[in-house]
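Numbered from 1 within each chain, the chains take letters A, B, ... in sequence-line order. Below, all heavy atoms of this structure are taken into account, side chains as well, without hydrogens, waters or symmetry copies.
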Amino acid sequence: MQTCAPGRSPSWVSRRRLLEQKISELHKCGNLSHIKQVHAQILKANLQQDLYVAPKLVAAFSLCRQLALAVNVFDQVQQPNVHLYNTLIRAHIQNSQVSQAFVTFFDMQTNGVYPDNFTYSFLLKACSGKAWFPVVQMIHTHIEKCGFCSDIFVPNSLIDSYSKCGPVGITSAKKLFELMDEKDIVSWNSMIGGLGKAGEMVEARRLFDEMPERDAVSWNTMLDGYAKAGDMSEAYKLFEKMPERNIISWSTMVSGFSKAGDMDMAKALFDTMPFKSLVPWTIIISGYAEKGLASEASKLYDQMEEAGLKPDDSTLISILAACAESGLLGLGRKVHASIERTRFKCSTQVSNALVDMYAKCGCLDKAYAVFDGIAKKDLVSWNAMLQGLGIHGHGKQALQLFARMRQEGVFPDKVTFIAILCACTHAGFVKEGLHYFHIMEKEYGITPQVEHYGCVIDLLSRGGRLDEAYKLVNSMPMEPNCVIWGTLLAACRVHNAVELAGEVLDVLVRLAPSDPGSFSMLSNIYAAAGDWGGVASVRLRLRSTGVQKPSGASLIELDNEVHEFTVFDESHRQSDKIYQMIDRLNQDLKQVGYVSSVQCQ
DNA sequence: GTAGGGTTAG
């Protein structure tokens, strides 16, 4: 900034010093009206072009989420330097405008300003966790051209970003890691983390053993790798060898055992850990809830609150999601009550989780009430509510809600259309479903993906238009997966299309040889058609593949207890009464003219 | 004199 000119009055000099002081602290100021005040003074002093002042202003506006004002400041500067460009790139990223950040990145080069290590740091951070392989590759190419790999942060971020891009990414990460002539402990840790994510635990272990020195992160990263791979015995061996265990090591083990289905081990470790934060409580409660163990989950939730811990958004969302998955309405209600008791208002994300939980548990009224109460609905809120209406057969209400969503100016995404198509299927709206399928690309620019084709094939099949469904499977622009073929097979069963079913099964066996579900489906189809020879041949084929079909089960929760039922099940203590009730229902159904689909049994 | 950043648990 230009220094005070000589010959000015003492008061001018002191005013100027004060402004300089304010400017130097501007970038960490979160008070918008103060920033606007200083901005006005800057304009008055004609300092808006100053290459020291402008980045401060851009950063300040960005911090207050005033991206438009930040861009405006930038636009006033005739010759931005790399520092100012970097600040604008960061501003876009901070305000979730990642694509605009890249536009700025290209703009600066067009204007003859070249990126530096700061630029790459920002851009790589924007890509982290996004699995954008081509983008990471492009950044990498730029970096190699300019030679900024000498800054250890840059290659380390690259390894991390590559690692999150799947198999292609991990190959690139490995190459880069080998080429690095100076590696610090973070380089090693990122590499073993990446290998773990890619499921290459043998190689991760080799590197871990080769490391010149290891810190807590190195050990925990290995534990997590084994845990994610489901190898809890190897994880436990390493856990016992650790020189020091912190709360992350313990939590990783609890999570690993819980995901592996061993709740006894998970609970034993949870009870042993010397200190518990919200994270391990979340892991153990969600673990029990996911397995439908309502009373354990519920008891632990109370204990967590008694221990004086207030669940945060992540805890609530995680537990509610588990409730939704297992239909634990009781625990879901308890969580809702505790939110209303302890919070003045709840975030959109938590409300969305509540909507989803109530909807999946069949309480559509409650779901609607929570949905209506969300002050700032986002796309996820709309999608959750649409999905809830759809899966419970309220097709008309779903389509009405979609219309309301459009009126309120919310633009749908691919999930919205899955919900809409599903709603049409469950309500039998074949014509409407096809209509939305056709307009999703034409009017909304959303290219149907395999999930959408799956919905439409389901829609056509259930509507009895099996031929059209089969034609669509064969004309899809992508390879039909086993979900698609499975849908078709289920439709064959409903419509007794024995011949087509055999054909579909052949495809399914090729695609997923270890899935016994298709065999039992075909067996049911033959049984329904009275073709017992067919049933026998399927059973034989199933035996020759060596896979066993786990029986399907129904679950219902009553007073914090989950009751599970499988076919021919007599294990329930009220089994006699249950079968009596089924008989009565069957008789009632027959009286109103219902005919079972398995008439030949 | 200015700007910043990486790896581990939900």
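Listed candidates were B:dT8, B:dG10, B:dG4. Nearest to the side chain of A:Asn220 is B:dT8. The side chain of A:Lys56 lies closest to B:dT2 when the candidates are B:dT2, B:dT7, B:dA9. With B:dA9, B:dA3, B:dG5 as the candidates, the nucleotide lying closest to the side chain of A:Lys125 is B:dG5. Of the candidate nucleotides B:dA9, B:dT7, B:dG5, B:dG5 has the atom nearest to the side chain of A:Phe153. The side chain of A:Thr315 approaches B:dG10 more closely than any other nucleotide in the set B:dG10, B:dG4, B:dA9. Listed nucleotides: B:dG5, B:dT2, B:dA9. Nearest to the side chain of A:Ser121: B:dG5. Listed nucleotides: B:dT2, B:dG4, B:dT8. Nearest to the side chain of A:Lys197: B:dT8. Closest to the side chain of A:Lys228, out of B:dG4, B:dT8, B:dA9, is B:dA9.
When the C1' atom of B:dT8 is taken as reference, atom CG of A:Leu238 falls 13 Å away, rounded to whole Å. The distance between atom CG of A:Asp50 and atom P of B:dG1, rounded to the nearest whole Å, is 15 Å. Here the C1' atom of nucleotide B:dA3 and the CG atom of A:Asn117 are 11 Å apart, to the nearest Å. The nearest whole Å value for the distance from the CD1 atom in A:Ile152 to the C1' atom in B:dT7 is 12 Å. When the P atom of B:dG5 is taken as reference, atom CD1 of A:Ile139 falls 17 Å away, rounded to whole Å. Between A:Phe275 atom CZ and B:dA9 atom P the separation is 18 Å, expressed in whole Å. Atom CG of A:Leu63 is separated from atom P of B:dA3 by 12 Å (rounded to the nearest Å). Distance CG (A:Leu47) to P (B:dG1): 20 Å, rounded to an integer number of Å.
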Show every donor-acceptor pair shorter than 3.5 Å between a side-chain atom in residues 93-100 of chain A and any protein atom, with sequence neighbours excluded, or say none if there are none.
unit_1  : atom_1 : unit_2  : atom_2 : d
A:Gln94 : OE1    : A:Ser62 : OG     : 2.3
A:Asn95 : ND2    : A:Ser62 : OG     : 3.4
A:Asn95 : ND2    : A:Ala91 : O      : 2.9

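Put simply, the side chain of A:Leu69 does not reach to within 4.5 Å of the side chain of A:Val73, judged on heavy atoms. Side-chain contact between A:Gln79 and A:Gln49 is absent, with no heavy atoms from C-beta onward closer than 4.5 Å.
Applying a 4.0 Å cut-off to non-hydrogen atoms, the residues of residues 247-255 of chain A that approach DNA chain B are A:Ile247, A:Ile248, A:Ser251, A:Thr252, listed by residue number. Non-hydrogen atoms lying under 4.0 Å from DNA chain B are contributed by nothing in residues 337-344 of chain A. Only A:His83, A:Asn86, A:Arg90, listed by number, bring a heavy atom of residues 70-106 of chain A to less than 4.0 angstrom from any atom of DNA chain B.
As judged by a 4.0 angstrom heavy-atom cut-off over every strand, A:Asp184 is placed among the base-contacting residues.
In terms of the side-chain contact (heavy atoms from CB on, under 4.5 Å) criterion, residue partners of A:Asn81 (sequence neighbours excluded) are, by chain and number, A:Leu51, A:His83, A:Leu84. With sequence neighbours excluded, no residue forms a salt bridge (charged side-chain N to carboxylate O under 4.0 Å, His left out) with A:Lys125. Applying the salt bridge (charged side-chain N to carboxylate O under 4.0 Å, His left out) rule to A:Asp313 yields the partners A:Arg343; only residues at least two apart in sequence or on another chain are considered. With sequence neighbours excluded, the residues that form a salt bridge (charged side-chain N to carboxylate O under 4.0 Å, His left out) with A:Lys267 are A:Asp271. Take A:Ser318 and apply the side-chain hydrogen bond (donor to acceptor under 3.5 Å, both in side chains) test, not counting sequence neighbours, and it matches A:Ser286. Applying the salt bridge (charged side-chain N to carboxylate O under 4.0 Å, His left out) rule to A:Lys130 yields no partners; only residues at least two apart in sequence or on another chain are considered.
Screening residues 159-173 of chain A for salt bridge (Lys or Arg N to Asp or Glu O under 4.0 Å) gives A:Asp160-A:Lys164 as the qualifying pairs, with residues at least two apart or on separate chains. For residues 210-221 of chain A, the salt bridge (Lys or Arg N to Asp or Glu O under 4.0 Å) pairs, not counting sequence neighbours, are A:Arg206-A:Glu210.
In terms of polar N and O atoms assigned as donor or acceptor, the side chain of A:Asp312 comes within less than 3.5 Å of the base of B:dG10 in a complementary pairing. The base of B:dG10 is not paired with the side chain of A:Ser318 by any donor and acceptor separated by under 3.5 Å.
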Let me see the working for A:Trp250 and A:Phe275 under ring pair (Phe, Tyr, Trp, His ring centres under 6.0 Å), right down to the final yes or no.
CA-CA 9 Å; A:Trp250 286 94; A:Phe275 171 77; over 10 Å; no
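For B:dA3, one of the phosphate oxygens OP1 or OP2 lies less than 4.0 angstrom from a side-chain nitrogen or oxygen of A:His27. Residue A:Lys28 has no polar side-chain atom (N or O) positioned under 4.0 Å from OP1 or OP2 of B:dA3.
Both the sub-6.0 Å distance and the 45° axial angle are satisfied by A:Lys276 relative to the ring of A:Phe270.
Stacking here means ring centres nearer than 5.5 Å and ring planes tilted less than 30 degrees, and by that measure A:Phe118 stacks onto B:dA3.
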